[in-house]
Amino acid sequence: MHLNALFGLVFGLATVRVAAVQVNIQHTGRTLTLGNVSYFVPPSPVSSLPNAAFLVKPASGDLIPFSVIPTSKKVFDQNALEATIAQWSAKDDVWSKAFLTGIYLSFNGTHGTPVASLGSAQKKFGIDFVLQSKGFLGGVSLKTPLPSGPYFLETATGKIFEAYRLYNDENQSFLYGTIPDGKDGFDILSARVPGASTETIGVPSRLYFTPTPEKPLAGFRVAVKDIYDIKGLRTGCGNRAFWQLYPAKERTAPAIQRLLDGGMVLVGKAKTSQFANGETATDDWVDLHAPYNPRGDGYQDGSSSSTGPGTATAAYPWLDFAVGSDTGGSMRGPAGANGVFGNRPSHGAVALDDVMPLSPELDTAGIFARDAKLWATAGHWWYQNFTSFSKFPKKIIFPVDFFGSSFLSTPPAEGTASATFNTFIAKLEHFLNTTRTEVSFAGLWNTTKPANASAPTLQTLLSTTYADLITLDQIALVADPFIADFGAANGGRMPFINPAPLARWGYGRALPAGRKEEALTNKTIFMDWVADEVLKAGDPETCADSILLYPQSSGSTNYRNRYIRLV
Ligand SMILES: *[C@@H]1O[C@H](CO)[C@@H](O)[C@H](O)[C@H]1NC(C)=O
Ligand SMILES: *[C@@H]1O[C@H](CO)[C@@H](O)[C@H](O)[C@H]1NC(C)=O
Ligand SMILES: *[C@@H]1O[C@H](CO)[C@@H](O)[C@H](O)[C@H]1NC(C)=O
Ligand SMILES: *[C@@H]1O[C@H](CO)[C@@H](O)[C@H](O)[C@H]1NC(C)=O
Ligand SMILES: *[C@@H]1O[C@H](CO)[C@@H](O)[C@H](O)[C@H]1NC(C)=O
Ligand SMILES: *[C@@H]1O[C@H](CO)[C@@H](O)[C@H](O)[C@H]1NC(C)=O
Ligand SMILES: *[C@@H]1O[C@H](CO)[C@@H](O)[C@H](O)[C@H]1NC(C)=O
Ligand SMILES: *[C@@H]1O[C@H](CO)[C@@H](O)[C@H](O)[C@H]1NC(C)=O
């Protein structure tokens with residue numbers, strides 16, 4: 001074909017106009033690399049700079065990293081800049097010197113007309129432009145004032161975007177990362193660290209947030225176990241069919257809302273073992289892959305059921321908190337196995353509406369942290385019904401039933417878990433100016449059991465109490481409705497259920513009628529007995545009269561590739 005003819009054909013086609021086609025492009029944000037670090041730029045801007053194209057010479061890229069620096073100084077000079085750099089580098093993992101391409105000085109002082117006088121610092125740090133807020137001579141205002149920290153400026157439009165640093169979820173603790181959807185809910189983060197083969201989590205700059213009495217947790221990052229509902233996201237409970245069946249939630253569980261109201265930043269949903277049942281890595285985690293415990297060689301079981309929250313807290317310095325739950329050890333197990341702080345609070349400490357139940361009589365919400373003081377701050381904010389007490393209890397209860405009598409007769413050998421416990425207990429004794437009181441629960445039961453309790457031993461009383469409650473409750477509240485809903489949507493088929501919950505539900509279905517009531521009665525007898533005879537409450541200064549110690553585990557290894565059901 002002749003070149004002219006081809007040109008004519010293409011030209012001709014290009015000028016044919018058809019009815020306007022509806023192009024519906026929705027931006028999902030951008031991923032970029034700056035100084036070897038991956039960032040996410042959310043789709044919606046947080047402010048804009050009028051006349052950006054005139055004020056900032058269009059640089060090489062469409063997005064320019066810059067820093068908003070508030071100052072009350074009359075002269076913002078090299079020293080002030082270097083002090084800011086030192087402070088921000090220590091405080092924040094998102095900001096870096098790469099954001100010094102430009103700076104916007106935002107004057108928050110009261111006196112006179114401030115000036116920026118950076119001298120040679122501008123060249124030293126490669127600062128391309130310095131803009132100043134109104135108040136400075138010839139200053140410009142941002143459309144919406146911004147807190148300090150790193151931002152991206154789109155020069156063509158003047159739009160300003162926040163910076164999220166992207167991290168790789170190497171330990172596979174997360175289901176996905178999240179970002180706010182601008183409507184009180186959350187979206188799944190669309191970004192991925194280039195080259196990463198696991199989930200990507202995005203965290204906003206810590207510099208955007210300042211804790212206040214109203215928001216004491218502002219800027220602290222939190223991951224949430226995937227049994228808590230979050231507006232805009234599905235709740236999966238560790239089961240793929242469950243995740244697919246039910247739509248995104250329309251409201252956030254009040255327990256999580258309370259943490260968000262306190263300023264916490266949700267960065268992702270973390271994995272739970274299926275329906276919060278106890279699962280071991282190799283035998284049981286069929287629908288999801290079990291998260292990795294970062295301790296040791298990385299192949300210890302992470303414990304369950306709050307496995308994702310526990311392993312994430314242990315593995316990732318960029319995460320401050322993770323919310324889990326504890327019915328029969330689901331916080332305490334992962335906290336111990338992964339070496340972080342974690343708690344089971346008193347039952348009823350926070351509302352568990354919009355949270356998948358295992359057993360409402362026993363379910364509680366706990367939080368993991370690596371920093372004990374931060375952990376206490378979160379607890380004080382979260383557990384609103386708790387009173388602060390002025391003194392520590394003076395009695396340490398040391399149950400021989402749990403520690404074993406050999407612990408007492410022979411000093412624990414160096415390097416054993418018992419020696420570690422003993423060192424801790426000795427420090428606690430010193431701190432409280434007291435010594436441990438050895439208690440045998442079995443013996444105490446014999447001498448103090450309530451008159452109307454027929455159980456000869458605690459073992460008899462509690463034989464199947466826990467097993468009966470969790471299975472019967474979860475069958476009624478979760479399994480039966482789920483299986484019915486799934487069947488209705490799938491021609492009567494059963495959803496896939498992992499072996500652990502399947503076996504437990506099977507056990508529950510085979511129980512005779514009346515076992516729920518019996519289990520509840522036994523639980524109540526035990527609970528009342530503990531309150532009357534073991535941990536006595538009501539002291540106005542110390543809350544309970546004692547601290548009860550028990551070993552979370554024996555400290556032995558538990559490799560994730562060990563088959564335990566192989567017989
Ligand atoms: C980026 O990574 C490369 C290769 O690891 C290294 O040589 C370079 O110094 C890094 N650059 C920055 C800004 O960290
Ligand atoms: C002004 O900004 C500086 C630097 O962030 C901060 O330390 C100071 O508290 C701020 N002053 C006011 C009045 O907000
Ligand atoms: C877990 O995360 C830590 C910290 O990011 C990392 O050093 C370690 O290699 C990870 N473990 C595995 C098994 O990926
Ligand atoms: C505090 O306790 C009361 C009474 O038990 C309960 O109604 C309320 O929901 C609790 N508040 C919170 C925030 O848990
Ligand atoms: C520790 O207790 C003993 C005996 O009860 C008492 O004499 C002593 O003053 C206490 N010491 C402290 C530091 O409280
Ligand atoms: C408690 O009583 C039971 C049953 O009478 C008995 O078997 C057990 O040895 C007693 N335990 C202790 C520690 O006294
Ligand atoms: C046992 O007796 C106590 C005290 O009389 C009573 O409060 C409690 O409800 C009774 N418990 C059961 C399970 O009957
Ligand atoms: C309740 O306690 C009785 C002994 O008083 C025991 O025989 C029974 O097995 C217990 N039931 C459950 C569900 O634990």
Side-chain angles (χ1 to χ4, degrees), residues 37-38 93 165-174 177 193 196-201 203 221 223 267-268 270-271 281-282 285 289-302 307-319 322 328 334 337-340 359 361-362 370 399-405 408 438-473 507-508 510-529 533-534 559-561:
V37 172
S38 293
D93 54 341
R165 183 170 178 172
L166 297 178
Y167 284 107
N168 192 353
D169 174 25
E170 292 157 309
N171 288 259
Q172 301 183 36
S173 306
F174 284 86
V193 173
S197 62
T198 52
E199 289 299 318
T200 290
I201 310 300
V203 299
R221 301 156 185 169
V267 300
K271 289 180 188 169
T282 296
W285 286 73
H289 196 61
Y292 288 82
N293 180 338
R295 295 181 84 192
D297 66 359
Y299 280 83
Q300 292 300 303
D301 194 297
T307 321
T311 55
T313 306
Y316 305 136
W318 42 265
L319 183 71
N338 296 287
V340 295
S359 170
E361 295 87 10
L362 297 165
R370 290 178 308 281
V400 293
D401 316 60
F402 297 151
F403 284 95
S405 50
L408 298 168
E438 290 156 24
V439 173
S440 154
F441 282 169
L444 194 64
W445 176 257
N446 283 0
T447 52
T448 64
K449 71 173 179 184
N452 55 0
S454 62
T457 65
L458 278 174
Q459 261 87 0
T460 329
L461 179 73
L462 299 176
S463 54
T464 59
T465 302
Y466 177 75
D468 294 3
L469 281 179
I470 62 162
T471 56
L472 292 171
D473 279 346
Y507 164 89
L511 290 176
R515 282 293 274 274
K516 167 92 189 265
E517 294 69 24
E518 185 184 309
L520 265 183
T521 302
N522 289 14
K523 172 189 169 283
T524 308
I525 291 172
F526 179 70
M527 186 176 73
D528 292 345
W529 174 73
E533 304 294 342
V534 185
Y559 279 94
R560 60 180 281 137
N561 55 331

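Order of appearance sets the numbers: ligands from 1, and atoms from 1 within every ligand.
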For this session: Quick one: look at Thr465 and ligand 8, take heavy-atom pairs under 4.0 Å, and tell me if it's side chain, backbone, both or neither.
Result: both
Exercise. What part of Asn522, side chain from CB on, backbone N/CA/C/O, both or neither, has a heavy atom under 4.0 Å from ligand 8?
Worked result: side chain
Exercise. Any N/O of Arg515 closer than 3.5 Å to an N/O of ligand 8?
Worked result: no
Does a side-chain heavy-atom distance below 4.5 Å link [X] with [Y]?
X: Glu438; Y: Phe403; result: no
X: Ile201; Y: Arg221; result: no
X: Asn293; Y: Arg560; result: no
X: Thr307; Y: Trp285; result: yes

Exercise. Can you tell me if Thr448 and Trp529 form a side-chain donor-acceptor pair at under 3.5 Å?
Worked result: yes
Exercise. Going by atom types only, do Thr282 and Asn561 share a side-chain donor-acceptor pair under 3.5 Å?
Worked result: no
Write out the residue and atom name of the closest protein heavy atom to [atom], then the distance separating them to 0.1 Å.
atom: atom 7 (O) of ligand 8; result: Thr460 CG2, 4.2 Å
atom: atom 11 (N) of ligand 3; result: Asn171 OD1, 3.1 Å
atom: atom 4 (C) of ligand 8; result: Ala455 CB, 3.6 Å

Enumerate the atoms of ligand 8 whose separation from the nearest heavy atom of [X] is less than 4.0 angstrom.
X: Ser463; result: 9 (O), 14 (O)
X: Ser454; result: 5 (O)
X: Thr464; result: 12 (C), 13 (C), 14 (O)
X: Leu461; result: 1 (C), 2 (O), 10 (C), 14 (O)
X: Asp468; result: 13 (C)

Problem set entry | Asp169/Lys271 salt bridge by N-O under 4.0 Å criterion | no
For this session: Would you confirm whether any non-hydrogen atom of the protein falls under 4.0 Å from atom 9 (O) of ligand 6?
Result: no
Exercise. Are there protein heavy-atom neighbours of atom 14 (O) of ligand 6 below 4.0 Å?
Worked result: yes
For this session: Consider every N or O of Asn446 and every N or O of ligand 6, then say whether any pair is closer than 3.5 Å.
Result: yes
Exercise. Around Tyr299, counting heavy atoms of other residues, nucleotides and ligands shown, do more than 12 lie under 6.0 Å from its OH?
Worked result: no
Exercise. Which atoms of ligand 3 sit under 4.0 Å from any heavy atom of Ala315?
Worked result: 2 (O), 4 (C), 5 (O)
For this session: Over 60° means perpendicular and under 30° means parallel, so classify the ring planes of Trp318 and Tyr167, tilted if in between.
Result: parallel
Exercise. Would you say ligand 3 has an N or O under 3.5 Å from any N or O of Glu170?
Worked result: yes
Exercise. How far apart are the C-alpha atoms of Thr457 and Thr460, what are their side-chain angles, what is the distance that settles it, and do they pass the side-chain hydrogen bond (donor to acceptor under 3.5 Å, both in side chains) test?
Worked result: CA-CA 5 Å; Thr457 65; Thr460 329; 2.5 Å; yes
